[in-house]
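Everything on this sheet refers to the single structure shown next.
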Amino acid sequence: MFAIASTMVLGVLPHGASAQAAGVADAAGAASAGARPLPPVSPTPQSISRSGEDATVTGRVFVVADDRTDAAARDRLIRELKRHGAARVDIVSPGNVPPAGAGLLTVRLGPAERPDIANALGDTAVPDHAEGYALRVSGHPSHPQIALGGVDATGQFYAVQTLRQLFQRQDDDWTVAGAQAGDFPSMPLRGTIEGFYGKPWTHAERLDQMDFYGDVKANTYIYAPKDDPYHRDKWRDAYPTDKLAELGELVNRATANHVRFTFAVSPGGSICYSDPDDRKALKAKLQALYDLGTRSFSIPLDDISYTKWNCAADQAAYGQPGRTAAAKAQVDLLNDLQRNFIATHEDARPLQMVPTEYGDLTDTSYKQTMRATLDPAVVVMWTGTDVVPPTITNDQADGASKLFGRKVFVWDNYPVNDYGNTSGRLLLAPYDKREAGLSGHLSGIVANPMNQPYASKVAVFGAADFTWNDIAYDARTSWPRAMAYLAGGDPQATEALLVFGDLEHMAPTFGATPWQRQAPELARRIAAFWADWNAGRRTEALTDLRAYAERIEQAPAVIRGGAVEQGFTTDAASWLDATALWGKAMVTMVDALGAQDAGQAQKLLEESKSLQTQARAVRVVPARNTWGSVRPKVGDGVLDTFLAAASAEVGKE
Ligand code: GDL
């Protein structure tokens, strides 16, 4: 079920990884270029097809750029060309391109309407969408060329991100698959909100995330860590100099990846809405980040009480506390910020906010007041129903958008693991159960990740894929691509991540019913095992399950073998430790079931039980989550249930 076709792995290598390093089989010569499938590209482009022959990357490459070429896109293009066979890259202006006969690869990067790019794009259509691009590879041996035309600067950057996934190793050469694409995002806002409780991400982890978002064409990162004191409790206080310097660096790294660093302040716990000094303090806080280059701002008003005021003046200004009065006070503040801060600051994007009623579809006087009086420019977030939604449908999104009088922006509480039901869990299941068509009802989706940033990439990769092209999204194909990305394209490591991800597949809700099942693949194999076992096909049953149990046991070592991002192995360390022990306990238990001799069976049974005791003794360290240092859960309810049933079966023999 988890077999990864080599071609599948190719398209998603992160920067720095190459198909050759990934040990991927060379498909060259197997068929003509026209018949060869293109490598997969993630997020799935709106339109991509073969344009003709692949283009060879020559030792010297010309990049045709001018002052309208996006600098980040150009730098990334040069880096990728040098990683894939170009020893020398010369930048030339459109008027200065060497004659075609030189036979050297020429890459034209800039606005799609630049005449030389428009000409090289030929009949490849340029989409009429923000952040869109058109790309065309022409593999003519005497005149190999690539056109990368952006609708805007971000589109240029995304054209390069697609090109990055088209490099293929063929014999001694690097080639670029002969593709043409017309592509754009389905949703305007895509990315993450660091909005969880517990230990915030470190500066280094955030920098790494910005590069990751660039790779997956996500354009939004909202900075809203609940446990940054300056974000909530100490919202009036300026950031200390060293923290401000870090934020400045983060803003720059975000910008270099075409990610909008969105600065959020949550004053709701203590603000006096009608107090001019509090308004001034809030604007000063935003101004400090504007000065660092931030152009997107958010005021989350989630997880606060709206049934009491923080000052007597608000009672005088807005009346008795309650839903209507709370909405009036919030709207007063937000409209002030939108009109007197955002609108007066060059290039600032519309203000974003999180309402206090963020996770339901009930019409109330709070929502009525919001939709009637909140400035239409302000973007309103919504989490889906039940805060951690088991699903998000078009009808629900449409309903929420009507309630707030604008297309809502989804704060998606997956894969966040800061609430009770996630205790001991990494959430590694695919991004799933968000209905195709949501792009018609939402302004975007940001995922609220786990305290573990690298492990969060599995779900965020899927969310980026979904928000880019929700109609084409398929969780079953996106999930292995996410794992391949983390594994640098290495097929064995990708397989191991999928086995491990199955054991960390359970996605809880706030209620009793999870919205994604635990270990579906293992459960399927165990069910097949018992069916065979009970039907007397014991040798086959034991052979098949033992092989999978060995894969579980070995997955941690393979994942730690070098190909997978180091940060992932650190994030998942305790879960990997426990998995190796649970896997070994399972292998030993299967051996006990198969032992011919009763004494030997008993000995193996005891050995398995001892391994289970060791597995149960593992603790999550370091404790980054609100649930502290607990036992890492691994395939719980499936693996342990099998061990108990098998143990009883051994006892019977
Ligand atoms: C919430 C909080 C969020 C938290 C999440 C999961 C919103 C708007 N706020 O209610 O900070 O991480 O639940 O516990 O979702």
Side-chain angles (χ1 to χ4, degrees), residues 189 191-201 220-233 235 262-269 298-306 326-327 330 334 351-362 366-367 370 378-392 396-397 400 403-404 408-427 429 431 434 442-453 455-456 459-460 463 506-516 624-628 630:
L189 298 169
T192 68
I193 177 158
E194 187 184 333
F196 48 75
Y197 293 87
K199 191 175 178 296
W201 288 345
T220 299
Y221 163 73
I222 307 175
Y223 176 89
K226 286 280 192 294
D227 288 311
D228 167 3
Y230 296 93
H231 165 67
R232 276 209 305 172
D233 296 353
W235 65 267
T262 304
F263 179 62
V265 196
S266 288
S298 175
I299 306 292
L301 297 165
D302 58 317
D303 295 9
I304 56 165
S305 163
Y306 60 9
Q330 292 181 4
L334 295 164
L351 184 67
Q352 299 173 14
M353 67 86 66
V354 183
T356 310
E357 293 180 6
Y358 55 79
D360 63 71
L361 286 170
T362 313
Y366 175 89
K367 295 193 189 79
M370 281 280 162
V378 178
V379 177
V380 175
M381 297 195 87
W382 175 70
T383 60
T385 59
D386 310 296
V387 182
V388 176
T391 176
I392 303 179
Q396 291 169 341
L403 284 173
F404 287 105
V408 290
F409 178 20
V410 167
W411 166 323
D412 197 343
N413 276 317
Y414 184 69
V416 60
N417 61 350
D418 66 357
Y419 53 98
N421 283 349
T422 59
S423 174
R425 296 192 184 285
L426 278 188
L427 276 58
Y431 187 77
R434 277 69 176 127
L442 302 175
S443 56
I445 301 177
V446 278
N448 184 14
M450 295 185 271
N451 297 78
Q452 290 76 10
S456 298
V460 174
M506 134 75 118
T509 57
F510 276 5
T513 317
W515 68 273
Q516 300 218 51
R624 300 183 68 137
N625 297 71
T626 49
W627 27 263
V630 297

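Just so you know, ligand 1 is whichever comes first in the structure, and atom 1 is the first atom listed for that ligand. Predicted model only: the values in this text are computed from it and were never measured.
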| Looking only at side chains, do Y223 and D228 share a donor and an acceptor under 3.5 Å apart? | yes

| field | Protein residues that have a heavy atom under 4.0 Å from any atom of ligand 1, sorted by chain and number | value | G195, F196, Y197, K226, D302, D303, Y358, T383, V387, W411, N413, V416, D418, Y419, N448, F510

| Is there a donor-acceptor pair under 3.5 Å between the side chain of N413 and the backbone N or O of V387? | yes

| query | Who pairs with R624 by side chain to side chain donor-acceptor pair (under 3.5 Å), at least two apart in sequence or on another chain? | reply | E205

| message | Whether the Q352 and T262 side chains hold a donor-acceptor pair (N or O, under 3.5 Å, no angle test) is what I'd like checked. | response | no

| query | What residues, two or more places apart in sequence or in another chain, satisfy salt bridge (Lys or Arg N to Asp or Glu O under 4.0 Å) together with K226? | reply | D302

| request: Go through the structure and list residues passing side chain to side chain donor-acceptor pair (under 3.5 Å) with E357, not counting sequence neighbours. | output: Y306, R323, T364, K367

